[in-house]
Amino acid sequence: MAEVIWGLATSHVPSIGAAMDRGKTEDPYWKPLFDGYRPAREWMAQHTPDVAIVVYNDHANGVDLDIVPTFGIGTADRYRVADEGFGRRPVPDVVGHPELSLHLLESLMDDGFDLTVFQELDVDHGLTVPLSIFCPDPGEAWPCPVVPLMVNVIQYPQPTAARCLALGRSIGRALETFHPDTKVAIFGTGGMSHQLAGARAGFINPDFDAMFLEAIETDPEKLAALSREDYIREAGSEGIEMIMWLIMRGAMNEQIRRVHSTYHVPASNTAAALALFDNRVPR
């Protein structure tokens, strides 16, 4: 069977990508964040997967807000980097893995998850910034092909945290019937606490974030029991993105090993975090 070798939970703040693209990672404002990434980046560089599943949300760049799928999967050979209004990021387009995409699609559908299929898709910072956190200097190509898995965290009603955890577990089962010796990494992206508009604009909740960073490893069921309203109240209107971390967690073993984690406030108006987990421990 295919094996999930590691999972990466990470924020996808667009300004993180901009700081990298503009050579500002050593600036005093950004240096603490990027210093926190270094141990994880070094470890991931030594454990390159054959393919990555990146769980992310689009920000009305690849998908019009007139039609927002609850869950969607890309099945293309290649995904263009989206122009988000200020030009495309100077990073490579993303190579797909249609064989794994179609295998996941069929398996998840048979398991009760009805996914929207994207045979063409532009990918925005929600996907490219996590890839840059994984690999800051990709050159002409990212280290491995990618399966984009899109989640609606923008328009109400978003999927529940429990549904996201269940989807992750379904992905884990699907990988058990894919080609043996395929090493898979899975990314859960977004968060942590932040709110970008309204009366609570600028809201960050370090206490909730700390609880979440611990429970994503040790007690994901606790996080899955929280409602949409819980997430929005405790983590801000955009903090509900953290439900995507549960898809990553569900695809992994019950027992995992934390390789590295870091937490930084603020990256723009967001609490930015990274948590890297090794999945190769006894079940």
Side-chain angles (χ1 to χ4, degrees), residues 1-10 12 44 47-58 62-63 69-81 91-124 126-128 130-135 138 141-152 159 163-189 244-253 256 276-280 283:
M1 66 181 187
E3 178 188 21
V4 175
I5 59 171
W6 50 260
L8 177 68
T10 180
H12 62 217
M44 289 186 288
H47 301 84
T48 303
D50 298 316
V51 59
I53 301 169
V54 180
V55 183
Y56 81 108
N57 70 284
D58 179 72
V63 177
T70 301
F71 298 117
I73 191 168
T75 59
D77 292 314
R78 182 174 293 269
Y79 306 94
R80 280 177 46 86
V81 174
V91 295
D93 285 339
V94 177
V95 174
H97 196 302
E99 185 181 12
L100 179 55
S101 292
L102 292 169
H103 174 80
L104 289 172
L105 174 62
E106 181 176 2
S107 297
L108 296 175
M109 293 283 279
D110 289 348
D111 206 21
F113 288 91
D114 301 328
L115 277 67
T116 300
V117 179
F118 291 95
Q119 299 183 54
E120 293 184 8
L121 180 65
D122 288 356
V123 291
D124 70 4
L127 188 142
T128 66
L131 287 181
S132 292
I133 292 169
F134 162 41
C135 177
W142 298 107
C144 66
V146 169
V147 174
L149 188 71
M150 184 188 297
V151 181
N152 168 36
R163 187 66 169 161
C164 289
L165 184 61
L167 175 58
R169 289 174 173 161
S170 185
I171 290 170
R173 291 190 293 271
L175 292 172
E176 292 178 355
T177 59
F178 194 62
H179 294 314
D181 303 323
T182 302
K183 296 180 294 184
V184 180
I186 185 162
F187 291 54
T189 72
M244 295 187 288
W245 292 27
L246 285 164
I247 299 176
M248 173 210 73
R249 183 64 181 91
M252 302 180 74
N253 296 336
I256 58 177
L276 174 63
F277 301 102
D278 189 344
N279 197 47
R280 292 167 297 180
R283 289 180 181 270

Practice task
List the steps, then state whether side-chain contact (heavy atoms from CB on, under 4.5 Å) holds for Asn152 with Asn57.
Solution key: CA-CA 6 Å; Asn152 168 36; Asn57 70 284; over 6 Å; no
Enter the distance from [X]:[atom1] to [Y]:[atom2] here, rounded to the nearest 0.5 Å.
{"X": "Ile73", "Y": "Leu121", "atom1": "CD1", "atom2": "CG", "answer": "11.0 Å"}
{"X": "Asp278", "Y": "Met44", "atom1": "CG", "atom2": "CE", "answer": "12.5 Å"}
{"X": "Asp122", "Y": "Leu127", "atom1": "CG", "atom2": "CG", "answer": "11.5 Å"}
{"X": "His12", "Y": "Tyr56", "atom1": "NE2", "atom2": "OH", "answer": "11.0 Å"}
{"X": "Thr75", "Y": "Glu99", "atom1": "OG1", "atom2": "CD", "answer": "13.0 Å"}
{"X": "Phe113", "Y": "Leu108", "atom1": "CZ", "atom2": "CG", "answer": "7.5 Å"}

For a 4.5 angstrom cut-off between non-hydrogen side-chain atoms, does [X] reach [Y]?
{"X": "Trp142", "Y": "Val95", "result": "no"}
{"X": "Pro130", "Y": "Leu8", "result": "no"}
{"X": "Val55", "Y": "Met248", "result": "no"}
{"X": "Val184", "Y": "Thr182", "result": "yes"}
{"X": "Ile53", "Y": "Leu104", "result": "yes"}
{"X": "Val63", "Y": "Met150", "result": "yes"}
{"X": "Val147", "Y": "Ser101", "result": "yes"}
{"X": "Asp124", "Y": "Asp58", "result": "yes"}

Practice task
Establish, for the pair Arg163 and Phe71, whether the NZ or CZ atom is under 6.0 angstrom from the six-membered ring centre and no further than 45 degrees off its axis.
Solution key: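 Arg163 over Phe71 ring: no.
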Closest heavy-atom contact between [X] and [Y]?
{"X": "Pro145", "Y": "Gly96", "result": "CB-O, 3.5 Å"}
{"X": "Leu115", "Y": "Met109", "result": "N-SD, 3.5 Å"}
{"X": "Met252", "Y": "Asn279", "result": "CB-OD1, 3.2 Å"}
{"X": "Cys144", "Y": "Pro49", "result": "CB-O, 3.5 Å"}
{"X": "Val54", "Y": "Val146", "result": "CG2-CG1, 3.8 Å"}
{"X": "Arg80", "Y": "Asp93", "result": "CA-OD1, 3.4 Å"}

Practice task
Compute the centroid of each ring, for Phe187 and then for Trp245, and state whether the two points are separated by less than 6.0 Å.
Solution key: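 No, ring centres 6.0 Å or more apart.
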Practice task
Report the C-alpha separation of Met244 and Leu246 in whole Å, then their side-chain angles, then the decisive distance to 0.1 Å, and conclude whether the side-chain contact (heavy atoms from CB on, under 4.5 Å) test is met.
Solution key: CA-CA 5 Å; Met244 295 187 288; Leu246 285 164; over 6 Å; no
Handout entry: Other residues, nucleotides, ligands: >12 heavy atoms within 6.0 Å of Asp181 CG
Key = no
Exercise for the section: Report yes or no: does Arg249 contribute a side-chain atom to a donor-acceptor pair with the main-chain N or O of Asn253 at less than 3.5 Å? Expected result: yes
Practice task
Kindly determine whether Arg280 and His47 satisfy side-chain contact (heavy atoms from CB on, under 4.5 Å), including the steps that lead there.
Solution key: CA-CA 11 Å; Arg280 292 167 297 180; His47 301 84; 3.0 Å; yes
Practice task
Before giving the answer on side-chain hydrogen bond (donor to acceptor under 3.5 Å, both in side chains), spell out for Ser170 and Asp111 the whole-Å C-alpha distance, their side-chain angles and the decisive distance to 0.1 Å.
Solution key: CA-CA 7 Å; Ser170 185; Asp111 206 21; 2.7 Å; yes
